[in-house]
Amino acid sequence: MEAATMTPAAQVIISLIPIVGIAFGSILVFFALLWRHHENKLRILKGTYSHVHFNSKMFSLLTGLLLEGVGLVLTVMFILLEGVSWNILGGLLPLVSGMMFLIFYKVNPGIKTESGDET
């Protein structure tokens, strides 16, 4: 069988798909942030705004464990399938990122809350 070749018009259309997707995604994120900003502004004016506390220590633990697990599985599978090659970077990158999040979790001191206790 002969390899199918794409026409130049098809190549242009296929190359435009990611550009259009990124543009629409950026517009969507912009308007979502703008909507959230106006919502917070109105809540402040009405007096119903309450600050959302983000627990960075628990986020780093959860993200670190998830990335560590995914990275470990990918690294082992790439080594078993392809041997030691550049392909294992696809597993090593999340593995090392997960390690960094777990190191951040260990060295991060407890965050003081408004009541004074540590989280």
Side-chain angles (χ1 to χ4, degrees):
M1 278 179 78
E2 293 181 29
T5 59
M6 289 193 297
T7 64
Q11 291 175 349
V12 169
I13 291 172
I14 288 175
S15 66
L16 286 176
I17 290 173
I19 296 169
V20 172
I22 291 170
F24 279 130
S26 300
I27 291 169
L28 183 67
V29 167
F30 171 77
F31 282 111
L33 291 173
L34 184 66
W35 179 278
R36 180 78 174 159
H37 169 70
H38 286 297
E39 183 182 13
N40 286 340
K41 208 166 54 169
L42 288 174
R43 284 185 178 175
I44 289 171
L45 289 174
K46 290 189 177 196
T48 60
Y49 179 76
S50 63
H51 181 69
V52 177
H53 297 285
F54 181 74
N55 191 345
S56 63
K57 193 165 182 177
M58 279 298 126
F59 173 78
S60 65
L61 176 64
L62 175 66
T63 307
L65 290 173
L66 289 173
L67 283 172
E68 191 80 22
V70 168
L72 186 64
V73 168
L74 284 174
T75 303
V76 169
M77 288 307 298
F78 283 137
I79 288 174
L80 290 176
L81 293 175
E82 300 289 328
V84 178
S85 67
W86 288 104
N87 291 338
I88 63 171
L89 280 177
L92 287 177
L93 290 175
L95 182 69
V96 172
S97 299
M99 284 181 193
M100 293 302 111
F101 272 113
L102 292 177
I103 289 171
F104 174 77
Y105 174 77
K106 283 304 252 185
V107 300
N108 186 19
I111 299 169
K112 299 280 185 184
T113 60
E114 291 176 7
S115 63
D117 55 342
E118 292 186 9
T119 56

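Numbering starts at 1 and runs along the sequence shown.
The line from CG of Leu45 to CG of Asn40 is 11.0 Å long, rounded to the nearest 0.5 Å. In this structure, NZ on Lys106 lies 8.0 Å from NZ on Lys57, to the nearest 0.5 angstrom. For the atom pair CG of Leu80 and OG1 of Thr75, the computed distance is 11.0 Å after rounding to the nearest 0.5 Å. Taking CG of Leu61 as the reference point, atom CD of Glu68 lies at 11.5 Å (rounded to 0.5 Å).
Scanning all heavy atoms of the two residues, the minimum distance from Asn87 to Phe78 falls at O-CD1, 3.3 Å. Residues Leu74 and Pro94 approach most closely at CD1-CG, 4.5 Å, considering heavy atoms. Residues Pro18 and Ile14 approach most closely at CD-O, 3.4 Å, considering heavy atoms.
Taking 4.5 Å as the limit, every side-chain heavy atom of Phe59 sits out of range of all side-chain heavy atoms of Asn55. Side-chain contact check for Ser56 versus Asn108: some heavy-atom pair is nearer than 4.5 Å.
Under the 3.5 Å distance criterion, the side-chain polar atoms of Thr63 are left unmatched by any main-chain donor or acceptor of Ser60.
Under a hydrophobic clustering in which Ile, Leu, Val, Met, Phe, Trp and Tyr are joined whenever their side-chain heavy atoms come within less than 4.5 Å, directly or via other members, Leu95 and Phe101 fall into different clusters. Cluster membership for Ile103 and Leu67, using ILVMFWY side-chain heavy atoms within less than 4.5 angstrom, is not shared. Two different hydrophobic clusters hold Ile17 and Ile22 under the rule that ILVMFWY side chains link at heavy-atom gaps under 4.5 Å. Taken together through direct or relayed side-chain contacts under 4.5 Å among Ile, Leu, Val, Met, Phe, Trp and Tyr, Met58 and Met100 form parts of separate hydrophobic clusters. Taken together through direct or relayed side-chain contacts under 4.5 Å among Ile, Leu, Val, Met, Phe, Trp and Tyr, Val70 and Met99 form part of one hydrophobic cluster.
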